[in-house]
Trainee: 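Structure below; questions to follow.
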Number of protein chains: 2
Amino acid sequence: MVTLAAVARRAGVSEGTASRVLSRTNSRVPISASTRARVEQAARELDYHPNAAAQALSSGRARALAVVIREQARWRGSRPHHIFSGYNLGEGLSGLQEGTHQAGYRLVLDTVDEEALASPLDLWKSRVVDGVVLWQLAAPEALITAGCPLLSLGVVGPGAWIAADERGAGQVATEHLLSLGHRHIGFVGARVSHYYGSYQRLAGYLAAMRAAGLTPEAAPVEILSEEEGRAAARRLLERRPQLTALVAMNDLLASGSLTAIRELGFRVPEDISLVGIDDQRIAPYLCPPLTTVRMPNYELGQIAAHYIIALVEASSTPGQPEVPPPTLIQRASTAPPLSRQDH
Amino acid sequence: MVTLAAVARRAGVSEGTASRVLSRTNSRVPISASTRARVEQAARELDYHPNAAAQALSSGRARALAVVIREQARWRGSRPHHIFSGYNLGEGLSGLQEGTHQAGYRLVLDTVDEEALASPLDLWKSRVVDGVVLWQLAAPEALITAGCPLLSLGVVGPGAWIAADERGAGQVATEHLLSLGHRHIGFVGARVSHYYGSYQRLAGYLAAMRAAGLTPEAAPVEILSEEEGRAAARRLLERRPQLTALVAMNDLLASGSLTAIRELGFRVPEDISLVGIDDQRIAPYLCPPLTTVRMPNYELGQIAAHYIIALVEASSTPGQPEVPPPTLIQRASTAPPLSRQDH
DNA sequence: GTGAAAGCGCTAACAC
DNA sequence: GTGTTAGCGCTTTCAC
């Protein structure tokens, strides 16, 4: 193993100087250009890689962040699988990894089942990570009282949190239908507990409807499943036959709604238009391909990385960052209303 | 911060003894029950969490593994996204995380763009991780010469590698069609370079066809895209009008094949049956829902964790592990052949 | 600007 | 069985 001492020896300087040249953190001291060059060359020639554990121990910073992901309480086949598979988490993780890597931090992956958030606490207390990013997860009390820098994504605090413009997504979806000429638009998926997005997306829908002077009509859903989406859409369409369009709180519910619409003998988009939110991987494969709203997941990940790193390094709360707006992805599930609405 | 010294003091023992009681690694020495109890209680009372950096520095083991994931060279919208989003990586990561966590190791997430595998090398040389798991990625020469314990998943070595029974998957898919009564079965997706699965799945198809005394008919594909799948399926069906069924090398190609089949005026499954492989998230949403073969991704992840940890701790190659077989997931895209085959 | 030296918290080899 | 002690490789005062 090549140590700092070896580099220092070869460059003809002391360990302290070599450290000052080579480490990002310790560089508040001016160094002469020639010394710097000699040290850097020696490091290169020796293929020096600083020992992360030694750096962490000595500096008190691990230069690592934890991403915590909830284990889904649902099963596929007979094996557990994490929320990984859905919600475009991949995009978010990409962004997080990108931002994290750029800043010279590492990302430690952690998963937790429902409420047992012991493992991120342990990662923090063991100084494995300097901070924690919680994916669609509210900060547990224990982590907060432990003083761990943390950031919840897509969920309201306690503690710092950021989210995409979920309300805007509901609005974008609704306004798209409005601009197509729809006047009787329902919402599938109100009231999913603990999920920030569900509340805000509904709020966006309500705002858009009211701004257009129209009466909103929303059907609640207890959990996020296709089956629930199907049932809710069915109830909505039976209760309000004048509806010509539906906004679904997310693509999964949209998928269920599609089934309900078809079961009632309607065609999409001729009789009923449908918009989802999320632009999940399944969206283009639904029949017809689903018009939906894409959330800035990648960017949210990047922003989260910057935010938590600022929090870790400055131990002062950064300002609320700007998140790019959701965008409409137009596919084949929406069209202008036919005459059905005329009665 | 609560240190080992504090625990030792409170328990009335030396640091060495406390360490022996509390650390998994250092426990080859017998300890009296009463001492052990006293130390454990003291640790509990003080809420002691060993400093990971100090442990790593002192022991020379980080108790961490890297998972390396390739950055996809394709774009979605205008942002990069990783292979995360596809190939049921989520299931595999779950299994990996599970196995890793159980053994008291952590998982460090790393992504690389195509061939630049510098960052896992750096993780290893900096002693951030004790070993590396490469997801659908061949081991780069540099990592091997560096002596890093590593394991490639779903790809043939150099270095250790494990994969699911890809050949079996091809066979299962083909045999399903055979058992339905099909005799003219084509294969979409031969010859995708560098991908172990593509070769083996084709081999499984060929074996099943030959075992049934039938003539195989495979269409090559250059890259894994729906468009390529569509083109290949079209070529195949035009060249061999007697075909009544298709096996696609994976669900993405199956999706493209579905389009081609429909474009040629055939119905699925009445005129043409179609089987995919992977059971990706999109599979149940295709029209009709795709019959496909599920790969044991979760288990593969778990097995990988055990394997690499054995490699790290024993520095001896474990035996080739048993991976559960692929299983057929029957949905609506397959049925017995109609009379078309009779001419 | 640079060197010397004191730890960071833990493990492990060695005594007893 | 348990205590003592010498580091692990780096950062960071404090001198000069």
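Numbers restart at 1 for each chain; the letters A, B, ... are given by sequence-line order, proteins then strands.
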Trainee: Using the side chain to side chain donor-acceptor pair (under 3.5 Å) criterion, which residues pair with A/Y307? Sequence neighbours excluded.
Mentor: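 So A/Y307 forms no side chain to side chain donor-acceptor pair (under 3.5 Å) with any residue.
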Trainee: Based on the rotation axes of five pairs at each end, what angle does the helix from C/dG1-D/dC16 to C/dC16-D/dG1 bend through, to 10°?
Mentor: 30°
Trainee: Which residues pass the side-chain contact (heavy atoms from CB on, under 4.5 Å) test with B/T3, sequence neighbours left out?
Mentor: B/M1, B/A5, B/A6
Trainee: List the residues meeting side-chain contact (heavy atoms from CB on, under 4.5 Å) with A/A18, not counting sequence neighbours, and say none if there are none.
Mentor: A/L4, A/A8, A/V13, A/V39
Trainee: Quick check: any donor-acceptor pair below 3.5 Å linking the side-chain of B/S58 to the base of D/dG7?
Mentor: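 Present.
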Trainee: Regarding B/L4, tell me which of base, sugar-phosphate or nothing describes its non-hydrogen contacts under 4.0 Å with the strands shown.
Mentor: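 If one applies the 4.0 Å heavy-atom cut-off, B/L4 turns out to touch a base.
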Trainee: Taking side-chain contact (heavy atoms from CB on, under 4.5 Å) as the test, write out the residues that go with B/A146, two or more places apart.
Mentor: B/L121, B/W124, B/K125
Trainee: Could you list the residues that satisfy salt bridge (Lys or Arg N to Asp or Glu O under 4.0 Å) with B/E40, not counting sequence neighbours?
Mentor: B/R36
Trainee: Is the phosphate of C/dC10, meaning OP1 or OP2, less than 4.0 Å from a side-chain N or O of B/Q55?
Mentor: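 It does not, given that no N or O in the side chain of B/Q55 lies less than 4.0 Å from OP1 or OP2 of C/dC10.
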Trainee: Quick one: side chain to side chain donor-acceptor pair (under 3.5 Å) pairs with a partner in residues 153-166 of chain A, sequence neighbours left out?
Mentor: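 Non-adjacent pairs meeting side chain to side chain donor-acceptor pair (under 3.5 Å): A/E166-A/R201.
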Trainee: Dump every N/O contact between nucleotides 13-15 of chain C and the protein below 3.5 Å, one line per pair.
Mentor:
unit_1: C/dA13; atom_1: N6; unit_2: B/R20; atom_2: NH1; d: 3.4

Trainee: By nearest heavy atom, map A/T35 and A/E15 onto DNA chain C; which one lands nearer the 5' end?
Mentor: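 Taking each residue's closest nucleotide, the earlier one in sequence belongs to A/T35.
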Trainee: Under the rule for side chain to side chain donor-acceptor pair (under 3.5 Å), what residues qualify as partners of A/D110, not counting sequence neighbours?
Mentor: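 In terms of side chain to side chain donor-acceptor pair (under 3.5 Å), with neighbours along the sequence ignored, A/D110 is linked to A/S119.
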